[in-house]
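Have a look at the structure below, then the notes.
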Amino acid sequence: MSILDNRPELAREVEQVAEVAGYLWQKGWAERNGGNITVNVTQHIDDAIRAMPAISEPRPIGFTLPNLKGCYFFCKGTNKRMRDLARWPMDNASFIRILDDCAHYEIIADKPVAPTSELPSHLAVHNYLIGKGSNYKASVHTHPIELVAMSHCKKYLEKDVATRLLWSMIPETKAFCPRGLGIIPYQLPSSNELAESTIKELGDYDVTLWEKHGVFAVDTDVMAAFDQIDVLNKSAQIYICAKNMGFEPDGMSDEQMREMTVAFNLPK
Ligand code: 13P
Ligand code: ZN
């Protein structure tokens with residue numbers, strides 16, 4: 001028996017997470033257990049699921065998150081590998097229910113797989129998204145090689161320097177990551193401080209770069225969040241490739257960027 005039995009919409013969410021987990025591994029962004037994914041699946045939850053008994057004790061989130069009352073999430077398990085999540089999603093992730101105090105969660109299905117250590121960041125972000133009436137349901141954290149490499153240089157950590165550089169490498173990057181790349185100064189992985197600074201930047205950006213660690217992206221679904229990271233990292237690869245050929249790439253001119261912004265009806 002699985003929670004996914006006779007629930008095609010919920011099963012589709014899990015399939016999409018598994019598909020993206022496979023891409024993260026293939027891209028080399030998910031060494032060992034690196035990265036995590038959570039999806040707000042509350043819209044697919046029926047009365048039978050609401051009545052399901054917990055299969056774990058209540059556990060603290062680390063925050064009180066009032067907008068998450070009654071919400072359900074599908075979460076990668078801590079210490080679980082993306083490459084395993086791709087093939088056996090229900091052995092490497094679990095569904096959790098937020099308790100009425102909004103400060104604890106419990107696991108409800110299928111197996112008592114403990115959620116990712118980055119749960120504070122993920123849940124705080126979902127709480128923020130609901131609070132602002134967003135239709136975003138998915139958050140993805142991963143370790144894309146070239147973007148992480150860039151985060152080791154102070155110059156690229158200044159506000160919007162990396163955004164402008166990456167947008168100028170190929171026109172589609174601004175088209176498909178129109179809010180750019182927010183920068184989060186280094187914080188301890190899985191800490192509440194990391195969660196809090198991520199939320200601050202998500203007011204202006206869908207994708208944030210965690211200095212010397214990885215990226216954290218949000219979007220309507222897991223595939224869309226992956227795509228935003230993918231286009232940014234592609235631009236980083238083009239930049240690095242040009243540097244390796246021995247020259248500083250020109251980048252698109254301001255005029256070319258303006259023309260593109262108008263043609264694609266993008267924010268300034
Ligand atoms: P988890 O295995 O706990 O999801 O952690 C992976 C990670 O990338 C932490 O930042
Ligand atoms: Zn990480």
Side-chain angles (χ1 to χ4, degrees), residues 13-14 16-41 56 59-63 73-96 104-107 110-126 138-152 157 181-199 201-202 205-219 222 225-226 228-230 232-233 236:
E13 296 281 359
V14 171
Q16 226 186 34
V17 168
E19 184 177 341
V20 167
Y23 298 153
L24 297 177
W25 164 248
Q26 286 161 12
K27 291 220 160 249
W29 300 352
E31 72 292 342
R32 197 176 182 277
N33 62 311
N36 26 77
I37 299 173
T38 63
V39 182
N40 181 346
V41 293
S56 77
R59 297 175 186 178
I61 297 170
F63 289 118
F73 295 90
F74 185 60
C75 309
K76 192 208 88 157
T78 188
N79 252 316
K80 301 296 187 189
R81 299 176 178 88
M82 286 292 175
R83 61 181 190 265
D84 291 341
L85 182 62
R87 289 178 296 177
W88 307 294
M90 298 307 283
D91 292 331
N92 293 279
S94 59
F95 285 90
I96 65 167
H104 292 79
Y105 70 90
E106 58 193 14
I107 304 170
D110 277 356
K111 299 185 179 167
V113 175
T116 169
S117 60
E118 300 289 4
L119 198 67
S121 284
H122 283 265
L123 291 184
V125 163
H126 287 292
S139 54
V140 174
H141 162 59
T142 186
H143 302 163
I145 301 164
E146 290 80 4
L147 288 172
V148 175
M150 286 178 72
S151 82
H152 284 262
L157 299 176
L181 181 64
I183 304 293
I184 315 285
Y186 183 84
Q187 299 277 5
L188 191 68
S190 80
S191 63
N192 287 5
E193 290 75 17
L194 182 57
E196 279 158 1
S197 29
T198 303
I199 290 167
E201 287 299 289
L202 287 178
Y205 305 91
D206 288 346
V207 189
T208 62
L209 181 59
W210 289 354
E211 181 184 346
K212 299 170 192 158
H213 181 168
V215 300
F216 190 99
V218 291
D219 210 320
V222 64
F226 167 76
Q228 291 214 52
I229 304 168
D230 197 23
L232 283 173
N233 199 67

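One-based numbering, in listed order, for ligands and for the atoms of each.
Shortest distance from the Zn ion (ligand 2) to His213 is reached at NE2 (N/O/S atoms only).
Taking every heavy atom of Asn33 and a limit of under 4.0 angstrom, the matching atoms of ligand 1 come to 1 (P), 2 (O), 5 (O), 6 (C). Distances below 4.0 Å separate heavy atoms of Thr116 from the following atoms of ligand 1: 1 (P), 3 (O), 4 (O). The atoms of ligand 1 that sit less than 4.0 Å from any heavy atom of His141 are 8 (O), 10 (O). Close contacts between ligand 1 and Gly34 involve ligand atoms 8 (O) [criterion: under 4.0 Å to a heavy atom]. Atoms of ligand 1 found under 4.0 Å from any heavy atom of Thr78, numbered from 1 in the order shown, are 1 (P), 2 (O), 3 (O). Under a 4.0 Å criterion applied to the non-hydrogen atoms of His213, ligand 1 contributes the atoms 10 (O).
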Verdict with supporting geometry, His141 and His213, side chain to side chain donor-acceptor pair (under 3.5 Å): CA-CA 10 Å; His141 162 59; His213 181 168; 3.1 Å; yes
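Remark: the Thr116 side chain and the His122 side chain contain no N/O donor-acceptor pair separated by less than 3.5 Å. For Asp206 and Gln228, the side-chain atoms include at least one donor-acceptor pair closer than 3.5 Å.
For the atom pair CG (Asp84) and CG (Asn92), the distance works out to 5.0 Å, reported to the nearest 0.5 Å. Annotation: the span from Lys76 atom NZ to Ile37 atom CD1 amounts to 8.5 Å, rounded to 0.5 Å. To the nearest 0.5 angstrom, Leu123 atom CG is 6.5 Å from Cys75 atom SG.
Of the protein's non-hydrogen atoms, the one nearest atom 8 (O) of ligand 1 is Gly35 N, 2.8 Å. Closest protein heavy atom to atom 5 (O) of ligand 1: Ser117 OG, 3.4 Å. Nearest protein neighbour of atom 7 (C) of ligand 1, counting heavy atoms only, is Asn36 ND2, 3.4 Å.
Aromatic ring pairs are classed by plane angle as parallel below 30°, tilted from 30° to 60° and perpendicular above 60°; the pair Trp210 and Phe216 is parallel.
Heavy-atom proximity to atom 9 (C) of ligand 1, evaluated over Glu118, Lys76, His122, Arg32, is greatest for Glu118.
When non-hydrogen atoms are compared, ligand 1 lies under 4.0 Å from the backbone of Asn79 (N, CA, C, O) but not from its side chain.
Between Thr38 and Val125 the shortest side-chain heavy-atom distance does not fall below 4.5 Å. Between Ile229 and Pro144, some side-chain heavy-atom pair lies under the 4.5 Å cut-off.
His141 contributes NE2 and His143 contributes NE2; the angle these two atoms make at the Zn ion (ligand 2) is 100°, rounded to 10°.
For His143, a nitrogen or oxygen atom sits less than 3.5 Å from a nitrogen or oxygen atom of ligand 1, counting backbone and side chain alike.
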